[in-house]
Undergrad: 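What follows is a single structure, and I will ask about it in a moment.
Residue numbers begin at 1 in each chain, while the letters A, B, ... track the order of the sequences. Values reported hereafter were calculated over all heavy atoms of this structure, with side chains retained and with hydrogens, waters and symmetry mates removed.
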Number of protein chains: 2
Amino acid sequence: MPFVVVRCDMPRKRLTREESREQTRLRLLDAAAAVIVKKGLAGTSVEDIAGHAGYTRGAFYSNFKSKTDLFIELLKSDHAQIQQDLQQLLEADLSNEDLQKQLAQFYGQCYRDHNSYVLWAEARLHAVRDARFRQRMNTLCLEKRDMIASFITQFNQRMAQPPLPAPAPDLALAMMALIDGMLYFNMSMPGEMSDAATGSVLSTIFAATFFGPQAGPPA
Amino acid sequence: MPFVVVRCDMPRKRLTREESREQTRLRLLDAAAAVIVKKGLAGTSVEDIAGHAGYTRGAFYSNFKSKTDLFIELLKSDHAQIQQDLQQLLEADLSNEDLQKQLAQFYGQCYRDHNSYVLWAEARLHAVRDARFRQRMNTLCLEKRDMIASFITQFNQRMAQPPLPAPAPDLALAMMALIDGMLYFNMSMPGEMSDAATGSVLSTIFAATFFGPQAGPPA
DNA sequence: GTATTCAAATACGTAGTTGTATTTAAATTC
DNA sequence: GAATTTAAATACAACTACGTATTTGAATAC
């Protein structure tokens with residue numbers, strides 16, 4: 001889902017300076033996402049990015065302080081999108097569909113596509129090494145956690161189920177870890193685990209956690 | 001847990017050529033592991049590795065074909081260790097300790113330490129990009145899966161529990177994904193999720209999967 | 001329409017990386 | 001102990017990457 005806006009209103013409008021600048025920014029971000037997914041963050045040069053977007057390094061440095069700088073912006077955009085998707089899910093689809101469907105959607109929405117997920121995997125690894133970066137990323141992750149926590153709380157209330165076995169934010173974190181685990185796994189071993197298997201594993205876990213009789217964790 | 005053998009039998013034995021060669025090999029592998037964890041696979045130069053091991057690039061190219069070559073060897077060694085650990089667990093500790101303890105051990109043994117796990121995370125990302133590498137890695141992963149499948153089967157028999165809700169290898173794969181999810185999560189967000197929470201989440205899931213009443217996944 | 005501003009291109013110097021080719025010194029062989 | 005072998009060091013040449021400094025040309029302001 002690229003950033004670049006809908007192009008080409010018929011009369012090929014001559015761009016103002018600001019518009020033009022914004023356009024190259026977006027193009028650079030798109031290009032960066034594509035190239036980084038393909039070659040990895042460290043394996044991608046500034047020139048790669050600029051080149052893939054149809055510019056030279058000059059354009060890059062005129063728009064971003066550094067590769068890391070751009071990368072963070074990339075993650076922020078993606079994060080914003082994810083949050084928006086979740087928000088939507090939280091508001092709209094909380095009617096009485098069955099658990100399975102909810103899950104499927106939920107799972108599918110967590111990251112927008114394969115590329116998005118690879119990007120975050122890259123980010124995680126980078127976070128291990130760069131404390132400052134890690135902090136920034138954790139902020140985003142905790143925002144997501146809170147969103148999911150809301151989802152859990154609402155879901156639990158709506159379904160009038162037994163009380164949650166742990167604080168919603170904790171459960172949210174756990175669910176994130178689990179879902180990420182599945183995605184992460186499928187990322188590098190595609191096809192090894194069928195979608196059906198993935199889904200049923202997740203539904204088992206969800207069921208156990210939110211409906212299970214003796215299943216609740218003590219902490 | 002470095003590779004280098006116990007050094008220094010008192011009389012400082014003069015090394016034979018072969019021994020010496022093997023020693024530098026091991027030192028290079030150790031150094032590589034350390035540096036790659038710290039700076040990432042792509043961010044690590046051959047010189048970094050050789051230097052950290054106390055050699056020059058000459059020694060490196062005399063022992064390995066390329067960085068990737070060394071990396072694969074690194075993973076193989078680590079994998080062998082992991083398999084050995086699991087094997088041991090499978091044979092030894094299947095007496096009647098309670099589930100919690102089993103789990104704790106199981107979880108703790110899956111990767112030898114933080115560094116080991118980071119290495120595998122790096123490998124996953126690399127696998128996304130390199131089909132050949134991916135194949136090689138999948139072989140290792142499936143070996144591990146089979147080991148865990150044995151564990152599951154034995155565990156289930158020993159405990160005389162209800163029949164497994166899915167073929168053991170499938171369950172094994174799912175469990176790997178889940179455990180990896182937790183580890184992966186804790187890798188980049190250390191401290192965000194307490195060990196207690198991690199443990200209880202896992203035990204919940206295990207319980208649900210292997211003991212749960214209606215909890216088993218259909219597939 | 002001329003002057004100014006600024007986005008992006010180009011030029012440049014430095015530093016780092018790679019793989020091979022050659023050398024050197026220690027270990028082995030005879 | 002001289003000749004040979006070979007692990008590892010050194011030398012080398014081509015390349016890539018970075019960031020800055022400067023230039024260029026189109027868009028704005030006057």
Undergrad: Checking contacts here: which listed nucleotide (C:dT18, D:dA9, C:dA8) is nearest the side-chain heavy atoms of B:A59?
TA: D:dA9
Undergrad: With respect to the side chain of B:Y55, which nucleotide from C:dT17, D:dA8, C:dC12 is positioned closest?
TA: D:dA8
Undergrad: Just how far, in rounded Å, is P of C:dA7 from CD of A:E19?
TA: 14 Å
Undergrad: Using a cut-off of strictly less than 4.0 Å, decide whether B:T24 has a side-chain nitrogen or oxygen near OP1 or OP2 of D:dA8.
TA: yes
Undergrad: Without decimals, in angstroms, what is the distance between A:F60 CZ and D:dT20 P?
TA: 12 Å
Undergrad: Would you indicate, yes or no, if C:dA11 has its OP1 or OP2 atom less than 4.0 angstrom from a side-chain nitrogen or oxygen of A:T56?
TA: no
Undergrad: B:S62 side chain N/O closer than 4.0 Å to the phosphate oxygens (OP1, OP2) of D:dT6?
TA: no
Undergrad: Return the nearest nucleotide to the side chain of A:R17; candidates are D:dA8, C:dT5, C:dT28.
TA: C:dT5
Undergrad: To the nearest Å, how far apart are B:F64 CZ and C:dG19 C1'?
TA: 17 Å
Undergrad: Can you tell me which nucleotide in C:dT10, D:dA8, C:dT18 comes closest to the side chain of B:Y61?
TA: C:dT18
Undergrad: Take the protein atom CD1 of A:I49 and the nucleotide atom C1' of D:dT16, then report the distance between them rounded to whole Å.
TA: 15 Å
Undergrad: Checking all strands, does A:S66 fall into the base, sugar-phosphate, or nothing category for heavy-atom contacts under 4.0 angstrom?
TA: nothing
Undergrad: May I ask you to check whether over 12 heavy atoms, not counting those of B:K144, lie within 6.0 Å of atom NZ?
TA: yes
Undergrad: Of B:R57 and B:R21, whose nearest nucleotide on DNA chain D comes first from the 5' end?
TA: B:R21
Undergrad: Taking 4.0 Å as the cut-off, does a side-chain nitrogen or oxygen of A:S45 come that near to OP1 or OP2 on D:dT16?
TA: no
Undergrad: Taking the six-membered ring for Trp, are B:F151 and B:F155 parallel (under 30°), tilted (30 to 60°) or perpendicular (over 60°)?
TA: parallel
Undergrad: Using the closest heavy atom to pick a nucleotide of DNA chain D for each, name whichever of A:G43 or A:E18 lands nearer the 5' end.
TA: A:G43
Undergrad: Calculate the interatomic distance between B:E47 atom CD and D:dT10 atom P; express it in whole Å.
TA: 11 Å
Undergrad: In whole angstrom, what separates A:L41's CG from D:dC18's P?
TA: 11 Å
Undergrad: For D:dA7, does either OP1 or OP2 sit under 4.0 Å from a side-chain N or O belonging to B:N63?
TA: no
Undergrad: May I ask you to establish whether B:R27 and B:Y55 are in a cation-pi arrangement, using a distance under 6.0 Å from NZ or CZ to the six-membered ring centre and at most 45° from the ring axis?
TA: no
Undergrad: Of the listed nucleotides (D:dC18, C:dT18, D:dA17), which one gets closest to any side-chain atom of A:K67?
TA: D:dC18
Undergrad: Using the test side chain to side chain donor-acceptor pair (under 3.5 Å), find all partners of A:R129 that sit at least two apart in sequence or belong to another chain.
TA: B:E122
Undergrad: Go through the steps to decide whether B:M137 and B:I72 satisfy the test side-chain contact (heavy atoms from CB on, under 4.5 Å), and finish with yes or no.
TA: CA-CA 9 Å; B:M137 217 184 93; B:I72 287 176; over 6 Å; no
